[in-house]
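Report on one structure; see the data block that follows.
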Amino acid sequence: MIDIQVLRDNPELIKEKSAQKQVTVDTESLLKLDQGKRELQQHVDSLRERKNEISAQMKTLTAEGKPDTALIDQGKMLKVELAEREDLLKKVEEELSAALRLVPNPALDSVPLGTTEADNVVLRTVGEKPQFDFDPKPHWDIANERGFMDKERAAKISGSRFVYLKGGLVKLQFALMQFVIDTLGDESVLQRLIDDNKLAIPAKPFTPVIPPAMMRTEPYIASARLNAEEQTYKLDRDDLWMNASAEHTLCTMYWNEILPAEELPIRYIGYSTSFRREAGTYGKDTEGIIRLHQFDKLEMEVFSTAKTGEDEHKLLIAIQEYLMQQLGLSYNFVQKSTADIGKPNASGNDIDCWFPGQDRYIETHTADYVTDYQARDLNTRTKVDGKTEFVHTNDATAFALSRILAAITENYQTSDGLVRVPEVLQNYMGGVKTI
RNA sequence: GGAGAGGUGUCCGAGUGGUUUAAGGAAAUAGUCUUGAAAACUAUCGAGCCCGCAAGGGUUCCGAGGGUUCGAAUCCCUCCCUCUCCGCCA
């Protein structure tokens with residue numbers, strides 16, 4: 001949620017910044033709603049003040065043994081009026097916060113303007129595309145031949161976009177997970193990345209977390225990540241949603257809490273199975289394991305002060321690129337435009353990995369800098385020099401495991417239909433060099 | 001799922017209808033004392049919202065939401081969570 005104070009001080013800015021994201025914000029009616037709410041609140045406060053006065057008088061009179069029936073009648077009338085005004089205030093408050101939630105987080109000035117995904121900017125291309133002396137296959141051909149995936153039976157049991165993942169790819173996934181957890185727990189690696197990027201933040205390691213995979217409606221809405229119509233599964237009997245990313249149950253972790261400043265930054269590497277309905281994507285990426293209803297993901301989440309939020313964002317990006325380079329995968333590093341960063345994010349980057357078997361780049365990573373937009377609604381705060389302020393949140397993919405498995409399969413395939421294991425993962429695979 | 005006990009501020013904890021303006025203690029911060037520290041003493045010490053240039057004032061919050069009452073942390077209802085026992089279960 002945006003800061004209402006910014007809207008009051010500079011409605012034109014909000015209007016303009018929202019337009020950059022193709023969102024039309026009626027600031028006039030928002031401000032009118034806000035004004036009405038404040039007047040109503042003053043009225044309610046003064047009625048409550050009167051209520052407290054009557055109550056205090058009544059107490060004295062009762063103690064003296066001479067209750068005043070006129071005063072009681074006054075209290076009764078006041079009660080009716082107060083109830084009416086309080087109901088109205090509640091309605092107006094709900095209306096205002098619902099309207100405020102529709103206002104997107106203003107993009108940082110460094111974010112390029114755009115109207116479609118096509119306006120994203122490739123900032124750099126890193127790594128060499130592998131060369132083959134044969135026609136590289138898409139990962140599903142290799143995986144099917146090697147018995148690494150079974151989508152037919154998964155469709156029979158669970159429907160489309162599910163998979164039984166088997167054998168070598170499963171072992172590779174566990175190796176990837178170990179590799180990531182070890183890397184993000186290694187302060188010397190973090191320190192090097194911090195120095196290389198000239199960041200003013202500590203090399204505090206990431207704590208691995210397995211968060212809940214379901215969450216209640218209230219925190220999910222506050223997280224600004226609930227995509228109820230298209231993406232998120234709901235368990236109606238229990239008021240629970242299946243999380244669509246570990247990030248969703250991680251960013252909500254300190255809902256309604258004040259974090260001691262000395263505990264910041266808090267860095268987590270979360271592992272969770274992620275569930276997505278993928279409504280509206282019928283016919284897209286139907287083959288292989290690029291787009292599934294269920295996939296496992298390692299996601300980084302950082303809580304920091306406002307001061308270091310942007311540096312944390314840069315660190316997460318540096319980690320993403322380091323991980324990709326360690327795997328020897330070629331990628332485009334993309335600065336997303338205002339059209340594509342998403343409503344809650346102030347800035348965002350993607351990594352699009354090269355998939356030689358499909359002769360195209362596919363998005364495998366995202367890094368989002370959310371500033372205080374999530375924290376305001378989640379009410380996650382910290383104290384800086386005695387002042388309470390909202391924390392800044394950052395989230396970024398470490399590895400979306402199924403997509404990286406697919407990428408490794410395509411990039412590391414051999415002419416005899418095997419898949420070589422990237423060097424950094426071999427130790428986690430008991431020294432095995434191919435699967 | 002059944003039976004019972006609970007949920008109060010950073011923490012512990014008192015409070016069963018009206019000076020609760022949430023006691024008391026601990027922790028924390030500052031000061032006094034001290035060569036320094038500890039101890040002791042003194043002071044400060046929750047979070048919102050609204051009005052105000054400010055000083056300050058008003059108001060809300062005792063798990064959440066309703067209700068009763070002139071007045072609710074306190075009484076009633078629903079829900080959530082925690083603990084104990086039973087049942088089921090990886």
Side-chain angles (χ1 to χ4, degrees), chain A residues 1-9 30-101 210-222 234-241 249 252-264 266 272-273 303 305 372 374-391:
Chain A
M1 188 184 281
I2 59 153
D3 185 354
I4 184 96
Q5 199 58 50
V6 174
L7 181 73
R8 286 174 193 158
D9 294 344
L30 265 179
L31 286 171
K32 218 169 130 189
L33 203 56
D34 175 49
Q35 185 60 30
K37 191 218 100 180
R38 284 195 280 177
E39 280 164 14
L40 199 52
Q41 175 161 4
Q42 282 173 52
H43 189 201
V44 166
D45 278 358
S46 69
L47 291 176
R48 281 169 173 162
E49 184 178 9
R50 180 64 192 140
K51 180 182 99 168
N52 289 339
E53 278 168 18
I54 291 174
S55 177
Q57 282 175 41
M58 275 301 298
K59 195 200 160 194
T60 312
L61 293 171
T62 307
E64 290 168 359
K66 44 179 183 181
D68 184 337
T69 52
L71 201 56
I72 288 177
D73 286 344
Q74 239 189 76
K76 282 183 177 171
M77 282 164 64
L78 188 65
K79 185 164 72 168
V80 173
E81 191 184 356
L82 188 57
E84 196 183 293
R85 291 282 131 183
E86 280 178 333
D87 282 353
L88 190 58
L89 178 61
K90 200 174 161 186
K91 263 176 72 182
V92 171
E93 277 174 342
E94 279 167 6
E95 202 182 326
L96 180 62
S97 64
L100 276 178
R101 283 191 173 114
I210 301 177
M214 301 178 196
M215 114 166 101
R216 294 184 183 154
T217 302
E218 205 185 342
Y220 218 146
I221 287 176
K234 176 76 198 293
L235 302 175
D236 274 319
R237 286 207 307 179
D238 299 291
D239 181 35
L240 284 171
W241 301 79
T249 35
T252 44
M253 200 168 164
Y254 299 107
W255 187 34
N256 288 323
E257 290 191 42
I258 299 181
L259 300 167
E262 61 270 21
E263 284 183 20
L264 299 177
I266 294 173
S272 175
T273 302
F303 302 87
T305 59
D372 61 359
Q374 268 181 333
R376 181 170 293 104
D377 217 358
L378 284 168
N379 201 24
T380 302
R381 292 156 293 171
T382 187
K383 286 213 172 192
V384 177
D385 300 327
K387 282 217 151 193
T388 311
E389 62 172 50
F390 293 107
V391 301

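Throughout, a chain's letter reflects where its sequence line sits, starting with A, and its residues are numbered from 1.
Contact check, A/R381 against B/rA47: no side-chain N or O comes under 4.0 Å of OP1 or OP2. Note on A/N52: a side-chain N or O is less than 4.0 Å away from OP1 or OP2 of B/rU59.
Comparing B/rA47, B/rU60, B/rC70 by their closest approach to the side chain of A/R48 singles out B/rU60. With B/rA47, B/rC70, B/rG65 as the candidates, the nucleotide lying closest to the side chain of A/K90 is B/rG65. Across B/rA47, B/rG58, B/rC70, the shortest atom-to-atom separation from the side chain of A/M58 is found for B/rC70. Listed nucleotides: B/rA72, B/rC49, B/rC70. Nearest to the side chain of A/K51: B/rA72. Comparing B/rG71, B/rC80, B/rC49 by their nearest atom to the side chain of A/K79 picks out B/rG71.
The separation between A/E49 atom CD and B/rU21 atom C1' is 14 Å, rounded to whole Å. Rounding to whole angstrom units, CD of residue A/Q42 and C1' of B/rC51 are separated by 6 Å. Rounded to a whole Å, the OH atom of A/Y254 is 20 Å from the P atom of B/rA47. B/rG9 atom P lies 13 Å from atom CD of A/E257, rounded to whole Å. A/E86 places its CD atom 11 Å from the C1' atom of B/rU59, with the value rounded to the nearest Å. Going from atom CG of A/L240 over to atom C1' of B/rC81 covers 14 Å, rounded to whole Å. We find that CG of A/L71 is positioned 14 Å from C1' of B/rU69, with the value rounded to whole Å. Protein atom CD of A/Q41 is 15 Å distant from nucleotide atom P of B/rG48, rounded to whole Å.
Remark: the separation of the P atoms in B/rA23 and B/rA47 is 16 Å, to the nearest Å. B/rA73 sits 8 Å from B/rA22 when the C1' atoms are compared, rounded to a whole Å. Across the P atoms, B/rU60 and B/rU74 are found 15 Å apart, a figure rounded to whole Å. For the C1' atoms, the distance from B/rU42 to B/rC33 is 11 Å, rounded to whole Å. Here, B/rU20 and B/rU34 have their C1' atoms 40 Å apart, quoted to the whole Å. Of the P atoms belonging to B/rG1 and B/rC75, the separation is 26 Å, rounded to the nearest Å. For the C1' atoms, the distance linking B/rG65 with B/rG13 amounts to 27 Å, nearest Å. Here the separation of B/rA37 from B/rA30, taken at their P atoms, is 12 Å to the nearest Å.
The residue among A/D45 and A/E93 whose nearest nucleotide of RNA chain B lies closer to the 5′ end is A/E93. Both A/I258 and A/Q5 sit near RNA chain B, but only A/I258 has its closest nucleotide nearer the 5' end.
With both pairing distances under 3.5 Å, B/rA39 is matched to nothing as a Watson-Crick or G-U wobble pair. As the counterpart of B/rC88, no nucleotide is assigned, since no Watson-Crick or G-U wobble pattern has both distances under 3.5 Å. B/rA23 makes up no base pair with any nucleotide shown, lacking Watson-Crick or G-U wobble contacts both under 3.5 Å. Pairing partner, B/rU82: B/rA5, with both Watson-Crick or wobble hydrogen-bond distances short of 3.5 Å. A 3.5 Å limit on both hydrogen-bonding distances identifies no Watson-Crick or G-U partner for B/rC33. Across every strand in view, B/rA73 sits unpaired, with no contact that passes the Watson-Crick or G-U test at under 3.5 angstrom. Across all strands shown, B/rG56 forms a Watson-Crick or G-U wobble pair with B/rC51, both key distances being under 3.5 Å. Base pairing analysis places B/rC61 opposite B/rG46; the two distances defining the Watson-Crick or G-U wobble pair are each below 3.5 Å.
Using a cut-off of 4.0 Å between Lys/Arg side-chain N and Asp/Glu carboxylate O, A/D34 and A/R38 are scored as salt-bridged. Salt-bridge formation is detected for the pair A/R50/A/E53: a Lys NZ or Arg NE/NH1/NH2 atom is positioned less than 4.0 Å from an Asp or Glu carboxylate oxygen.
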Audit row: A/T382, A/F303, side chain to side chain contact (heavy atoms under 4.5 Å, CB included) steps and yes/no:
CA-CA 10 Å; A/T382 187; A/F303 302 87; over 6 Å; no
Would A/R216 and A/L240 satisfy side chain to side chain contact (heavy atoms under 4.5 Å, CB included), going step by step from the backbone distance to the final call?
CA-CA 5 Å; A/R216 294 184 183 154; A/L240 284 171; 4.2 Å; yes
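In the model, A/R8 has a side-chain atom that pairs as donor or acceptor with a side-chain atom of A/Q5 under 3.5 Å.
Applying side chain to side chain donor-acceptor pair (under 3.5 Å) to A/R376 and the options A/N379, A/D372, A/T380 leaves one that passes, A/D372. When the options A/D377, A/L100, A/L30 are evaluated for a side-chain contact (heavy atoms from CB on, under 4.5 Å) with A/I2, the one that passes is A/L100.
Here the CD1 atom belonging to A/I221 is positioned 11.5 Å from the CG atom belonging to A/L378, to the nearest 0.5 angstrom.
If you check every strand for non-hydrogen atoms under 4.0 Å, A/R8 touches sugar and phosphate atoms only.
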